[in-house]
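The figures here come from the full heavy-atom set of this structure, side chains too, leaving out hydrogens, waters and symmetry mates.
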Amino acid sequence: MLVYPSSIDLSTRTLRFLAGQLTARRRDIGTRWRRLPVARQALLALAHLRCGDTYAQLAAGFGIGIATVCRHIREAIEVLAALAPTLTEAMKTIRTKAFVILDGTLLPIDRIAADTPYYSGKHKRHGMNVQVLTDPFGRLLWASPALPGSTHDLTAARQHGIIDALAAAGLKCWADKAYQGAGRPVRVPFRGRHLKQWKRRHNTTHAKIRCLGEQAMATLKGWRLLRKLRCSTNGISNIVKAVLVLHHASA
């Protein structure tokens with residue numbers, strides 16, 4: 001197999017952060033020797049998460065076995081996922097914002113047609129539903145664990161406790177039509193074809209505010225692994241958490 005050098009569009013601060021967390025992990029469990037030093041393991045994990053490189057590609061590039069690649073990446077993801085804030089913890093930051101934007105996204109997965117729970121009728125593909133909260137400038141604040149793609153956005157928001165948390169904090173939230181019926185904390189556009197002029201103006205203003213939330217989706221999809229996940233669905237929530245932690249570490 002031919003091997004060539006490449007680059008990762010992340011800062012060295014992100015690499016140092018992950019390396020520091022892995023160093024603490026090795027110290028806690030008393031690791032005496034690993035095939036890769038901490039910095040190389042961190043680079044390996046970042047190449048997988050940011051560039052979407054497969055285990056086979058990484059094994060060839062780093063000169064190690066595929067099983068070793070799998071173990072190193074899984075460990076890095078678990079270490080990062082443990083640092084991800086819960087919704088309760090994230091609300092401490094969210095309460096300082098004038099309002100938040102709530103939106104859902106589908107992370108495509110490699111599944112066959114028989115996997116009905118993962119098929120999204122809205123997007124016409126298999127995937128995992130992730131709910132995202134952003135600040136008024138479109139900066140990613142929090143991302144939820146992943147649910148099967150057939151889950152409706154409003155159902156997912158309620159299941160994660162997002163609606164109740166926003167109501168308890170007295171926060172205003174902008175969302176799209178998928179969250180119709182969420183209740184007072186969530187503001188959605190008017191539905192219908194023949195709307196009065198003031199309702200059309202309201203929808204236009206609403207769309208201008210809500211579109212900033214698309215920046216958070218672009219932030220997530222900037223991590224190429226999330227553009228097409230080929231791993232077990234049980235591990236996708238940890239991957240999303242790991243990406244969130246790395247995003248905040250590099251911000």
Side-chain angles (χ1 to χ4, degrees), residues 8 44-59 66-67 69-71 73-78 80-81 84 86-87 101-134 138 140-163 175-182 186 188 191 210-211 213-247:
I8 305 175
L44 174 79
L46 292 177
H48 179 64
L49 292 170
R50 187 68 177 182
C51 304
D53 292 344
T54 64
Y55 290 168
Q57 290 171 326
L58 293 169
I66 293 179
V69 170
C70 180
R71 287 195 302 271
I73 290 176
R74 184 171 61 245
E75 180 182 44
I77 289 174
E78 289 175 354
L80 290 169
T86 63
L87 179 59
I101 301 169
L102 170 63
D103 203 357
T105 187
L106 187 80
L107 302 180
I109 61 174
D110 185 17
R111 284 294 182 270
I112 60 175
D115 294 319
T116 305
Y118 301 100
Y119 185 77
S120 169
K122 175 182 177 181
H123 297 90
K124 308 300 181 184
R125 66 192 307 178
H126 292 83
M128 300 294 285
N129 181 299
V130 172
Q131 300 295 302
V132 171
L133 287 171
T134 67
L140 180 61
L141 297 174
W142 180 79
S144 74
L147 293 174
S150 62
T151 308
H152 192 275
D153 280 339
L154 178 56
T155 302
R158 284 174 171 162
Q159 187 168 334
H160 293 307
I162 299 172
I163 307 299
D176 60 24
K177 295 177 181 178
Y179 299 90
Q180 197 85 30
V186 182
V188 297
R191 301 181 68 175
R210 189 176 53 78
C211 71
E214 297 299 327
Q215 296 180 22
M217 301 306 177
T219 296
L220 283 178
K221 298 300 175 65
W223 297 80
R224 295 176 187 83
L225 182 65
L226 297 181
R227 297 178 187 177
K228 186 62 177 288
L229 290 153
R230 295 177 174 83
C231 61
S232 168
T233 54
N234 295 327
I236 293 177
S237 291
N238 274 352
I239 292 175
V240 173
K241 291 178 182 178
V243 166
L244 178 67
V245 171
L246 288 173
H247 167 68

Rounding to 0.5 Å, atoms NE2 (H152) and CD (Q159) come to a distance of 13.5 Å
Partners passing side chain to side chain donor-acceptor pair (under 3.5 Å) against E75 (at least two apart in sequence or in another chain) | R25, R34, Q41
Decide yes or no for H160 and P145: does some side-chain heavy atom of the first lie under 4.5 Å from some side-chain heavy atom of the second?
-> yes
Please round to the nearest 0.5 Å and tell me the distance separating atom NZ of K241 and atom CD1 of I77.
-> 12.5 Å
Does R50 reach the main-chain N or O of I8 with its side chain, forming a donor-acceptor pair under 3.5 Å?
-> no
Does the N129 side chain pair with the main chain of L106, one donor and one acceptor, at a distance under 3.5 Å?
-> no
Looking at side-chain heavy atoms only, is the closest gap between N238 and V240 below 4.5 Å?
-> no
Any side-chain heavy atom of M128 within less than 4.5 Å of one from L147?
-> no
Of all the heavy-atom pairs spanning L154 and A182, show the shortest one and how long it is.
-> CD1-CB, 3.6 Å
Hey, does W142 have a side-chain heavy atom less than 4.5 Å from the side chain of T86?
-> no
Could you tell me whether R125 atom CZ has more than 12 heavy atoms of other residues or ligands within 6.0 Å of it?
-> no
So do the side chains of D153 and Q131 get within less than 4.5 Å of each other, counting heavy atoms only?
-> yes
First locate atom CG of L226, then atom OG1 of T105, and finally report the distance between them rounded to the nearest 0.5 Å.
-> 9.0 Å
K221 side chain to A218 main-chain N or O, any donor-acceptor pair under 3.5 Å?
-> no
Check the pair T233 / Y118 against side-chain hydrogen bond (donor to acceptor under 3.5 Å, both in side chains), numbers first and verdict last.
-> CA-CA 9 Å; T233 54; Y118 301 100; 3.3 Å; yes
Taking the side chain as every heavy atom from C-beta outward, state whether V188 and D176 have any atom pair closer than 4.5 Å.
-> no
From V69, T54, L225, residue fulfilling side-chain contact (heavy atoms from CB on, under 4.5 Å) relative to H48 | L225
Side chains of V132 and L102 in contact at under 4.5 Å (non-hydrogen atoms) = no
Donor-acceptor pair, R230 side chain versus D110 backbone, under 3.5 Å?
-> no
Should T134 and T219 count as side-chain neighbours, where that means a heavy-atom distance under 4.5 Å?
-> no
Where A216 and L140 come nearest, the two heavy atoms and their spacing | CB-CD1, 4.1 Å
Quick one: CD1 on I101 to CG on L133, what's the gap to the nearest 0.5 Å?
-> 10.0 Å
Do side-chain atoms of S237 reach the backbone of A146 as a donor and acceptor pair under 3.5 angstrom?
-> yes
Candidate pair S120 and H123, rule side-chain hydrogen bond (donor to acceptor under 3.5 Å, both in side chains), full reasoning = CA-CA 5 Å; S120 169; H123 297 90; 3.1 Å; yes
Once you round to the nearest 0.5 Å, how far does CD1 of I162 lie from OG of S144?
-> 5.5 Å
Is the distance between the ring centroids of H126 and Y119 less than 6.0 Å?
-> yes
d(L49 CG, I73 CD1) to nearest 0.5 Å is 7.0 Å
